[in-house]
Protein chains: 4
Amino acid sequence: MEFRQDQAIYLQIADIICENILTDSWKEGDRIPSIRELSVSIEVNPNTAMRSYSYLQELGIIFNQRGIGYFVADRARDIVLELKKNNFINRELPRIFKTMDLLHLNCDDLAELYAAHTRENKA
Amino acid sequence: MEFRQDQAIYLQIADIICENILTDSWKEGDRIPSIRELSVSIEVNPNTAMRSYSYLQELGIIFNQRGIGYFVADRARDIVLELKKNNFINRELPRIFKTMDLLHLNCDDLAELYAAHTRENKA
Amino acid sequence: MEFRQDQAIYLQIADIICENILTDSWKEGDRIPSIRELSVSIEVNPNTAMRSYSYLQELGIIFNQRGIGYFVADRARDIVLELKKNNFINRELPRIFKTMDLLHLNCDDLAELYAAHTRENKA
Amino acid sequence: MEFRQDQAIYLQIADIICENILTDSWKEGDRIPSIRELSVSIEVNPNTAMRSYSYLQELGIIFNQRGIGYFVADRARDIVLELKKNNFINRELPRIFKTMDLLHLNCDDLAELYAAHTRENKA
DNA sequence: GTGGTCTAGACCACC
DNA sequence: GTGGTCTAGACCACA
């Protein structure tokens, strides 16, 4: 497993888990891999995997049952959606539109690029 | 002056300078503030301001005349534009589109959200 | 059955049993539920229930008759009372007082807060 | 520096810091010892000290300035007071009174013990 | 100098 | 088997 350099590994792991939840690959109530399993499968130190889990637990996205493992929380999907949406709208969007202004790109240009992107992904 | 936590301060400073160039607030050939002036006005360590200037100098956006100061380079505007464009299209857009997919947002939603966000900030 | 996160489950179970003894719900000489019965009724791993019983047996609060079951020991009530009292006065009280000092609470406040808390729970 | 066995060291460190804030030993806006300084002075691993700081930062009690260090947050005292009070009233008090019931101790007994405790500390 | 992250490895309590 | 904590030591970016 390869990680980007521009973000802490434990955050990238957390992101991947959130995506799994958003796409229903991991459903609410499901047990997720143990820290040891995960750390082996993605080749990181158990401490790093643990950090991802602790982080998600704080956010209420997963929870722990002593001696058994971690599970996807009940309202996990809603929480993730809410967090991602807020972050996107309040943090990313303003910067995106600012950049667009500076580059003289308008919404139509973006739509075009988006269409191109979608085509590529289908191909 | 306040900075975000998610990016090095010297990069945020460099960004602001680039914006000044893109919007023609600082024109090619203009002398820009000395490291000391800048560091005082935005309340950062002179080392940090220095780092921003070194960074921009490496990119050919500004240049230094010993004992006189820093100046906006001749083709600065083009260079900045090129860099920003490449970065936006190749790095930011893919992640933006990915997030949009996960959040089930389409291009029209974007424009709408942006409008709403702008209104809120005005209020 | 739900357990707190801040203490081992087997200790919480042991505590409940002790309370049953202190309140005379379980009298000295009484047979108490088998490990299997208990583990089913409160939904814990049998190993965990077993651990609670072993722990209480070590303290002389319950005893085992092979093939028959566990029983409340003769002087169980006295032992429990003694243990609880010592623990409360020597371990808990000092920390309670320390917290009260920090929070500028006196003894009267305590009683008042407790009354308020009780009312809330009833409501 | 010695720590109790019944609680994680990083939490005990956090507690001590909170007490320093409550007693105004560390005032709002003050810079607190760097992670390295702290870890040396109390003889723990820097990672452990770091964990305490991260924990307190999440709670909004301290904050970090890049490359400079950690500082006591503006409303730190209020936050700590609020947290401690809530925890004491909602978590500790019920258990305290439950134990008092079981031990047949009443509020007057507690007051007496408290008075004794105060005398001891003065002596 | 500051903090942040990661690895490695150990030990422990618990289920 | 599970997670949780701690130590040790390294590397890095940043101010």
Side-chain angles (χ1 to χ4, degrees), chain A residues 3-13 31-39 42-55 57 62-71, chain B residues 3 5-13 35 39 42-52 54-55, chain C residues 3 5-13 35 39 42-52 54-55, chain D residues 3-13 31-39 42-55 57 62-71:
Chain A
F3 295 97
R4 291 192 311 276
Q5 288 291 1
D6 67 338
Q7 199 185 21
I9 292 179
Y10 82 94
L11 290 176
Q12 296 183 50
I13 296 173
R31 180 171 179 276
I32 65 179
S34 80
I35 289 179
R36 283 166 171 85
E37 283 166 9
L38 180 68
S39 67
I42 60 178
E43 296 173 294
V44 299
N45 188 289
N47 285 331
T48 305
M50 159 81 114
R51 201 165 173 184
S52 303
Y53 279 13
S54 301
Y55 176 67
Q57 186 171 33
I62 63 178
F63 67 94
N64 173 259
Q65 272 195 271
R66 308 177 69 133
I68 302 180
Y70 281 91
F71 297 76
Chain B
F3 296 96
Q5 290 284 8
D6 67 337
Q7 199 186 20
I9 292 178
Y10 84 94
L11 289 175
Q12 297 183 50
I13 296 173
I35 287 178
S39 67
I42 59 179
E43 292 174 297
V44 299
N45 189 301
N47 289 331
T48 306
M50 159 79 110
R51 199 159 178 173
S52 303
S54 302
Y55 176 69
Chain C
F3 296 95
Q5 290 286 6
D6 67 338
Q7 200 184 20
I9 291 177
Y10 83 95
L11 289 175
Q12 297 183 50
I13 296 173
I35 288 178
S39 66
I42 59 178
E43 293 173 296
V44 299
N45 189 300
N47 288 331
T48 307
M50 159 79 110
R51 198 160 179 174
S52 303
S54 302
Y55 176 68
Chain D
F3 295 97
R4 292 192 312 276
Q5 288 291 0
D6 68 337
Q7 199 185 20
I9 292 179
Y10 82 94
L11 290 176
Q12 296 183 51
I13 296 173
R31 179 169 179 278
I32 65 179
S34 78
I35 289 179
R36 283 167 172 86
E37 283 168 8
L38 180 68
S39 67
I42 60 179
E43 293 172 298
V44 299
N45 187 289
N47 285 331
T48 304
M50 159 82 112
R51 202 166 172 183
S52 303
Y53 279 13
S54 301
Y55 176 67
Q57 186 172 33
I62 64 178
F63 68 94
N64 172 259
Q65 274 194 269
R66 308 178 69 131
I68 302 179
Y70 280 91
F71 297 76

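- Going from atom CD of D/Q57 over to atom C1' of E/dG4 covers 11 Å, rounded to whole Å.
- The CD atom of D/E43 lies 11.0 Å from the CD1 atom of D/I9; values are rounded to the nearest 0.5 Å.
- Closest contact between the side chain of A/Y70 and the listed nucleotides E/dG3, F/dG3, E/dC15 involves F/dG3.
- Every residue two or more places apart in sequence or in another chain was checked for a ring pair (Phe, Tyr, Trp, His ring centres under 6.0 Å) with A/Y55, and none qualifies.
- The distance from atom CD of D/E43 to atom P of F/dC6 is 15 Å, rounded to the nearest whole Å.
- Contacts of A/Q7 with the nucleic acid, taken as non-hydrogen atoms under 4.0 Å apart, are absent.
- Across all their heavy atoms, D/R31 and D/S34 have their closest contact at NH2-CB, 3.8 Å.
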Enumerate, atom names and distances included, each donor-acceptor pair closer than 3.5 Å involving a side-chain atom of residues 44-52 of chain B, sequence neighbours excluded.
| residue | atom | partner | partner atom | Å |
| --- | --- | --- | --- | --- |
| B/N45 | OD1 | B/N47 | N | 2.8 |
| B/N45 | OD1 | B/N47 | ND2 | 3.4 |
| B/S52 | OG | B/Y10 | O | 2.9 |
| B/S52 | OG | B/T48 | O | 3.3 |

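- In DNA chain E, stems built from 3 or more consecutive Watson-Crick or G-U wobble pairs, each with both distances under 3.5 Å, span E:1-14 with F:1-14.
- Checking the phosphate oxygens (OP1, OP2) of E/dC15, a side-chain nitrogen or oxygen of A/R66 falls inside 4.0 Å.
- The interatomic distance linking A/E37 (CD) with F/dT2 (C1') rounds to 10 Å, in whole Å.
- Applying the ring pair (Phe, Tyr, Trp, His ring centres under 6.0 Å) criterion to A/F3, with sequence neighbours excluded, gives no partner residue.
- Of the side-chain N and O atoms in A/S34, none sit less than 4.0 angstrom from OP1 or OP2 of F/dG1.
- For D/Q7, the side-chain hydrogen bond (donor to acceptor under 3.5 Å, both in side chains) partners two or more places apart in sequence, or in a different chain, are D/R4.
- Between A/I35 atom CD1 and E/dT7 atom C1' there is a gap of 16 Å when expressed in whole angstrom units.
- A 4.5 Å side-chain heavy-atom check between A/Y53 and A/I13 finds every atom pair outside the cut-off.
- Under 4.0 angstrom from either OP1 or OP2 of E/dT7 there lies at least one side-chain N or O belonging to A/T48.
- In this structure, A/M50 places its CE atom 16 Å from C1' of E/dT5, rounding to the nearest Å.
- Between the CD1 atom of D/I68 and the P atom of E/dG3 there is a distance of 11 Å, rounded to whole Å.
- For the pair B/D6 CG and E/dG4 P, the computed distance is 14 Å after rounding to whole Å.
- We find that OH of D/Y55 is positioned 17 Å from P of E/dG4, with the value rounded to whole Å.
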>> Please encode protein proximity along nucleotides 8-13 of chain E as a string of B, S and -, counting only heavy-atom distances under 4.0 Å.
In response: BB----

